[in-house]
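Chain A is the first sequence line, chain B the second, and so forth, proteins listed ahead of strands; every chain is numbered from 1.
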There are 2 protein chains.
Amino acid sequence: MKLKMMYTFLNTDIALIEKELEQRIETKEALITNASLHLLQAGGKRIRPVFVLLAGKFGSYDVNQIKHVAVALELIHMASLVHDDVIDDADMRRGKPTIKAKWDNRIAMYTGDYIFARALETITKIEQVDAHKILSDTMVELTLGEIEQIKDKYDLNQDLRTYLRRIKRKTALLIAASCQLGAIAAGAPESIHKKLFLFGYYVGMSFQITDDILDFTSSEEKLGKPVGSDLLQGNITLPVLYALEDPDFRLKVERLFVADNQTELISEIITYITSSDVIDRSVKVSERYLEKAMMILKELPDNKARKALYQIAKYIGKRKF
Amino acid sequence: MKLKMMYTFLNTDIALIEKELEQRIETKEALITNASLHLLQAGGKRIRPVFVLLAGKFGSYDVNQIKHVAVALELIHMASLVHDDVIDDADMRRGKPTIKAKWDNRIAMYTGDYIFARALETITKIEQVDAHKILSDTMVELTLGEIEQIKDKYDLNQDLRTYLRRIKRKTALLIAASCQLGAIAAGAPESIHKKLFLFGYYVGMSFQITDDILDFTSSEEKLGKPVGSDLLQGNITLPVLYALEDPDFRLKVERLFVADNQTELISEIITYITSSDVIDRSVKVSERYLEKAMMILKELPDNKARKALYQIAKYIGKRKF
C-alpha cells in the first residue's frame, strides 16, 4: 500500500497545508521566495504534517488551528535541510539541485534562517504557550544534533551511543514533537500527548535508521542523489558502524576519505555493506524501535488516526525509498 | 558621560543578565559552548538588554521575568552577528577573531542556529504570547534584511530608500522590539509599549547611521576592525551613498571593488569621505531620527528610566566609537 493511501481521510487538509506552506514563505523579496519555493516544490513526504494532523485527531480537531503546527514543523524540517546541504556541500536533494548549488552558500544560510523564523512565527498563532516552548526546545536539540554531526564526521571511532544520540537529535525529536504538538494544539490531555511524543520518538529513530540503510541499498534514481552519499560526505551511519568492526573494511573507508577519485572505492564499500550482515543487523535495530512504537499505540484510544499511525509505522519499517 | 553611567541603577540587573547569558548558551557540547562564549566574552555594548530593562520600568518591573526578554534579545543579536560574519567573510569582530575565522563557516552557521534557537527558547519563559509573536516577526524581518544586504552588496545604483529599509530591518526593528518587549513583559499598557517601540525604532535608525559613519571616521583601534570595513565588504552605507553623487568618487569605488590590492584606494576613499560634506549630511539624517525619538519620549511618564533613555539617545548621536 502506498503511504498516501493510509490517510486519504486527511487529503483535503493536507492540500490546505501545502497551500499554507507556499503562502507562509512568500515575501516581496523575489530571491528568497524563489529559493524557498524551489525547495518546497521539490516535494518530500510531508511526513511531519501528516503526524501532526493524525495526532490532532486524539483531541478536538480543528484544521484551522492545527494547520499552524503542521506548517511550522515542516518549515523547521525544510530550514534544517537547507543548512545541512551547506554543511554537506550537497548539490542534489530530492532529485533537484540544492539551494546552495543553484544559488550559493550565503543565500542558503539566510534562506534557512528565514524559513526558521517563519516557522516560529507560524507556531505563535497557536495560543498554547506550551507548544511554543516545545518547539523551541526541539530546535535547540536539533541544532545540537547538527553540531554533533559536524564533529562526528569522518570519525571512525564513534560508537553506537554517539550515533543514536545524534539521530535522536537530528530526526527523532522533531517527529516526536510533531506528534505531541498536534495533540496539544487539539487540546488532548497530557496522558495522550506524552504517549504520542514517545510514539513519534520511536518511529523517528526507526525512520532515520531506515534512511541510513536505504542510502546503501536503494538506487540513485529513487534516492534523488548518489548511492552512498552519506558516507561520501563523511557521515558514519549504522550500517557503516557495524561494518567498521572488520579491520579490512575500516581500511577501505580510511582510504575513501583521502582518495582523489572515490568512484571505485565507494562502489566496493557499497558492495561490502549490501552483501554482508550489517544491513540485517541495522534492520533489526530499526525494527526494535518500531515494536516499541507499536506498543505505545496500543495504549492510545482506538480510532481512524491510530489505525493510520499503525500503518505508517509499518510502512516506515518496510519502505524501499 | 560614559554610557554605563547613565543607568547605574540597573547595575545589579545587568550583571545578572550577563550571568544568565552565559548559562543560557552552555551545553555539554564543548565546541559550541566555546564558540558561543568566545563571542559573548568579546563584549559588546549590551544595548538591547539595557533598552529592555529600561522599558520594563514603565510597567511593574520584575527582574526575574524581564531578564528572559533581555537575554533573548541579546542572543538574537549575537546569532545574527555570527551569521553576518560568515557572509561578510569577516575575520575580526570587537577586536577578536570571529567564530568563522577561529573555527570555520560550518561551525559558525550552526553556532548561529543554536544561539537563535536558545533565544526563542528563552522568550517562551515569558507567558505573554504577544511577546513570542513580536519576537518571531522581528526575526523574519531581520532575516529579510540580511538577504537584502547580500542582494544590495556592491550595488552602486541603490537609493536612500533601499538603504533606510535595510537598516530598519537589520538594526532598528530589533531595538524597537527590545523596548516594546521590555514594556510588555512588565505588563505596561499598549499605549506605552507602542510608544516605546517607536522610540526604539527611531533610536535604532540613528544608531545604525552613526555606526555607518564611524566605520569611516573612527580608528581601527576603537572599531576593533579596519576603518572602511563596510565598504571593503561591499556594503553601501549612507556616507557612501551621498559620496556616489560625485562621478569621480563612483569611479574610485568601482575600481576598489575589482582591485587586487585595495590598500591605497580605500585610503583615498576614506580621505574623500571624511573631508567632504557627506559625513555632515549623514549626521543630519541621524539627528533627525534622534529628534523624533526625543519627541516620543516626552509623551511617556517622567521617571528615572525616561531620563536614562533620553541620555542614551543623546549619547548615541554623539558617540565616537
Side-chain angles (χ1 to χ4, degrees), chain A residues 24-25 27-33 35 72 76 79-80 83-84 86-89 103-151 153, chain B residues 24-25 27-33 35 72 76 79-80 83-84 86-89 103-151 153:
Chain A
R24 288 305 296 163
I25 55 176
T27 91
K28 282 181 194 156
E29 276 305 324
L31 176 65
I32 199 161
T33 308
I76 285 193
S80 76
H83 281 186
D84 283 355
V86 174
I87 300 297
D88 291 337
D89 204 17
W103 286 271
D104 64 23
N105 277 339
R106 302 172 316 154
I107 299 291
M109 189 171 79
Y110 281 151
T111 303
D113 286 359
Y114 169 75
I115 301 175
F116 263 134
R118 276 283 186 221
L120 290 150
E121 191 188 51
T122 306
I123 199 82
T124 60
K125 292 177 186 288
I126 297 284
E127 292 296 317
Q128 289 94 333
V129 176
D130 274 4
H132 309 178
K133 274 195 224 298
I134 290 168
L135 194 69
S136 51
D137 287 352
T138 308
M139 272 187 63
V140 168
E141 291 296 320
L142 188 66
T143 54
L144 285 174
E146 286 168 336
I147 304 259
E148 276 170 4
Q149 185 158 337
I150 295 185
K151 222 186 54 184
K153 263 191 183 199
Chain B
R24 289 304 297 163
I25 55 176
T27 91
K28 281 180 194 157
E29 276 305 325
L31 177 65
I32 199 162
T33 309
I76 286 192
S80 76
H83 281 186
D84 283 355
V86 174
I87 300 296
D88 291 336
D89 203 16
W103 286 272
D104 64 25
N105 277 338
R106 302 173 317 154
I107 300 290
M109 188 171 79
Y110 281 151
T111 303
D113 287 359
Y114 169 76
I115 301 175
F116 263 134
R118 276 284 186 218
L120 290 150
E121 192 188 50
T122 306
I123 199 82
T124 61
K125 291 178 186 286
I126 296 285
E127 292 297 318
Q128 289 95 331
V129 177
D130 274 4
H132 308 179
K133 276 196 224 295
I134 290 168
L135 195 68
S136 50
D137 287 352
T138 308
M139 270 186 64
V140 169
E141 292 295 321
L142 188 66
T143 54
L144 286 174
E146 286 168 335
I147 305 258
E148 276 170 4
Q149 184 158 339
I150 294 184
K151 222 186 53 184
K153 263 191 183 197

B/His132 vs A/His132 aromatic rings, parallel, tilted or perpendicular, using cut-offs 30° and 60°? perpendicular
So do the side chains of B/Asp84 and A/Tyr110 get within less than 4.5 Å of each other, counting heavy atoms only? yes
Measure the shortest side-chain to side-chain distance between B/Thr143 and A/Thr111 over non-hydrogen atoms and say whether it is less than 4.5 angstrom. no
Separation between CD of B/Glu146 and OH of A/Tyr114, rounded to the nearest 0.5 Å: 13.0 Å
Separation of B/Lys133 NZ from A/Thr122 OG1 (nearest 0.5 Å): 11.0 Å
B/Asp113 side, atom CG; A/His83 side, atom NE2 - distance, nearest 0.5 Å: 5.0 Å
Rounded to the nearest 0.5 Å, how far apart are CG of A/Asp137 and CZ of B/Arg118? 8.0 Å
Specify the closest pair of heavy atoms between B/Ile150 and A/Ile107, including all atoms of both residues, with the distance to one decimal. CG2-CD1, 4.0 Å
Check whether B/Glu127 gets within reach of chain A through its side chain, its backbone, both or neither, counting any heavy atom under 4.5 Å. both
